[in-house]
Colleague: 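Sharing a structure below in C-alpha cells format, with a few things to ask.
Nothing here was measured: the structure is a model prediction, and the numbers come from that model. For ligands, and for the atoms within them, numbers begin at 1 and follow the listed sequence.
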Amino acid sequence: MVKVLITDKVDQSLVEMLKKNGFEVDYRPGIKTDELLKIIGDYDAIVVRSRTKITREIIEAGKRLKLIARAGVGLDNIDLTAAREKGIEVVNAPEGPTESVAELTIGLMIAAARRVVELNMKLRQGEWVKDYGIELFGKNLFIIGFGRIGRRVAELASSLGMNIYVYDVVDVTTYAEKLGAKVVKSLEHGLSIADVVTLHVPLTKDTYHMINFDTIKMFKKGAILINTARGAVVDCEAVLWGLENGILYAYAADVLENEPPKTTCEQRLIQHPRTIITPHIGAQTREAQRRIALIVAEKIINFFKSSAER
Ligand code: 3PG
C-alpha cells in the first residue's frame, strides 16, 4: 500500500480521495521538523503547504520517498535540487488559488488606498477621523510577474479603470495585448510611473529582495506597494524606509520573510499605521483549498498509477 503523509492543513476531500483510491494516509497537520525527520522514512509521498520546509535533510531521510506534492503554488519551501538528485518527483497545483489571491490583492489595494484599516483602528479607539484616501480609477498599476495571478489581477484592475503596465522576465506580450496591458522594458521605468505596484513573482535567488534600498528609490513618490507573492521578495528595512521617507503611501502584504514574523523590522512593519499585513491567507478560502485538494489528489493518484504500470 502506498503511504502518504500530509503535514499541513488541507481540504478533507484530499484525504478522502486518496483513501478511496487505496492509499494509506496519515494526516499530521502542524507536525514539527524533528518529528517529521524521524518518520519521513516510512512514506512514499508527502503533501505540504508553505509551512513545512522540505530541506535536503528531510529528503535524504525520506528513504522511500518518490513524490513531494505541494498543495498550492510556491515551491520555494522545497529543496528542488535535492529532490531532483534523488529522483523524487515534485508536483503542485498552480491553477488552484488564482482567483483567491487575485481577489485579496485587489482587496488590499482598495483597503490601502482608502486607509480602511488605519481609520477603522482609530474608530475602535473612539476617534472619528474623516481623512482623505485616493481613488484607483485612472491610476497606473504596475504588475511585476505576469503569470496566472498577475493576469487575473490585470483583468480585475482594468475593470476598476486602472492603466495596466506589466513586467516579466519572459515574453508576455501576447497576454498583455489580450488584456490591454502595456509591457515595460525595465523594472526601473515601471516603478517610476506606477501609482500602485503589485508583486506576483515566485521567490527565487533572482527575486530575493527585488524591492531593496536601490529599487525603492526608483518608486514614484506616494506609491502603494502590494505584496501577495512572498515576503522575501522585499527587503523589510527598505520598505520601512520607503514608508518613513515619503516614498510609499502604503504597504499592504499577505506575506512576510519569516512566517510567523521573527524580526524587529517585521514587527515594526505590522504595527505601522500605513501598512496592512495579513497572515498568508491568499489561498485560504474554501473554494481555493477545495480546488487545490482535487488537483493534488489527482496528480498523486496518476503518479502512482503510472509508476505501477512502468
Ligand atoms: C501558494 O504558494 O500556494 C500560496 O502562497 C499559499 O500558500 P499556503 O498553501 O501555505 O497557504
Side-chain angles (χ1 to χ4, degrees), residues 4-15 18 27-33 36 45-55 58 67-80 83 90-109 143-153 168 198-208 210-211 225-234 252-262 266 276-300:
V4 182
L5 175 65
I6 303 178
T7 62
D8 289 309
K9 205 157 182 246
V10 294
D11 187 274
Q12 278 309 298
S13 56
L14 173 53
V15 179
L18 291 177
Y27 187 48
R28 302 276 305 268
I31 188 171
K32 299 256 170 10
T33 309
L36 176 58
I46 182 167
V47 180
V48 299
R49 288 178 61 184
S50 62
R51 188 202 66 92
T52 306
K53 310 294 173 221
I54 302 291
T55 57
I58 298 217
L67 181 69
I68 300 168
R70 164 60 162 112
V73 187
L75 297 172
D76 48 290
N77 55 320
I78 299 166
D79 188 331
L80 296 173
V90 179
V91 295
N92 64 346
E95 54 283 69
T98 308
E99 285 303 327
S100 293
V101 180
E103 286 181 13
L104 181 67
T105 304
I106 297 292
L108 288 175
M109 229 179 262
I143 303 177
I144 304 177
F146 209 45
R148 287 182 180 82
I149 298 170
R151 297 198 293 269
R152 185 62 184 140
V153 168
D168 204 306
T198 185
L199 304 168
H200 299 288
V201 290
L203 176 62
T204 65
K205 62 179 184 358
D206 296 325
T207 61
Y208 175 80
M210 176 186 230
I211 304 300
L225 175 61
I226 310 287
N227 183 5
T228 55
R230 283 294 179 269
V233 174
V234 309
D254 182 44
V255 283
L256 288 167
E257 187 159 344
N258 299 287
E259 294 177 359
K262 244 197 227 151
E266 286 168 337
I276 304 171
I277 315 289
T278 49
H280 204 150
I281 53 165
Q284 199 66 26
T285 60
R286 297 194 201 294
E287 295 83 355
Q289 287 306 314
R290 174 88 186 176
R291 241 180 261 128
I292 289 167
L294 299 180
I295 296 167
V296 164
E298 203 175 299
K299 287 191 178 175
I300 298 172

Colleague: Could you pull out every protein residue that has a heavy atom closer than 4.0 Å to ligand 1, ordered by chain and then number?
Modeller: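 Within the 4.0 Å shell of ligand 1, which is judged on heavy atoms, sit R49, S50, R70, A71, G72, V73, G74, R230, H280, A283.
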Colleague: Could I get the full list of side chain to side chain contact (heavy atoms under 4.5 Å, CB included) partners for T204, not counting sequence neighbours?
Modeller: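 By the side chain to side chain contact (heavy atoms under 4.5 Å, CB included) rule, T204 matches P202, D206, T207.
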Colleague: Listed by chain and number, what are the side chain to side chain contact (heavy atoms under 4.5 Å, CB included) partners of D79, not counting sequence neighbours?
Modeller: R56, I59, T81, A82
Colleague: Using modelled atom types and a 3.5 Å cut-off, is there a donor and acceptor pairing between side-chain atoms of E266 and backbone atoms of N258?
Modeller: yes
Colleague: Per the side-chain hydrogen bond (donor to acceptor under 3.5 Å, both in side chains) rule, what does the pair list look like for residues 90-100, sequence neighbours excluded?
Modeller: E99-R152, S100-T285
Colleague: Taking atom CD1 of I46 and atom CZ of R28, what is their separation to the nearest 0.5 Å?
Modeller: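 Output value for this atom pair is 11.0 Å.
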Colleague: With a 3.5 Å distance limit and no angle check, can you tell me whether N227 reaches the backbone of V255 through a side-chain donor-acceptor pair?
Modeller: no
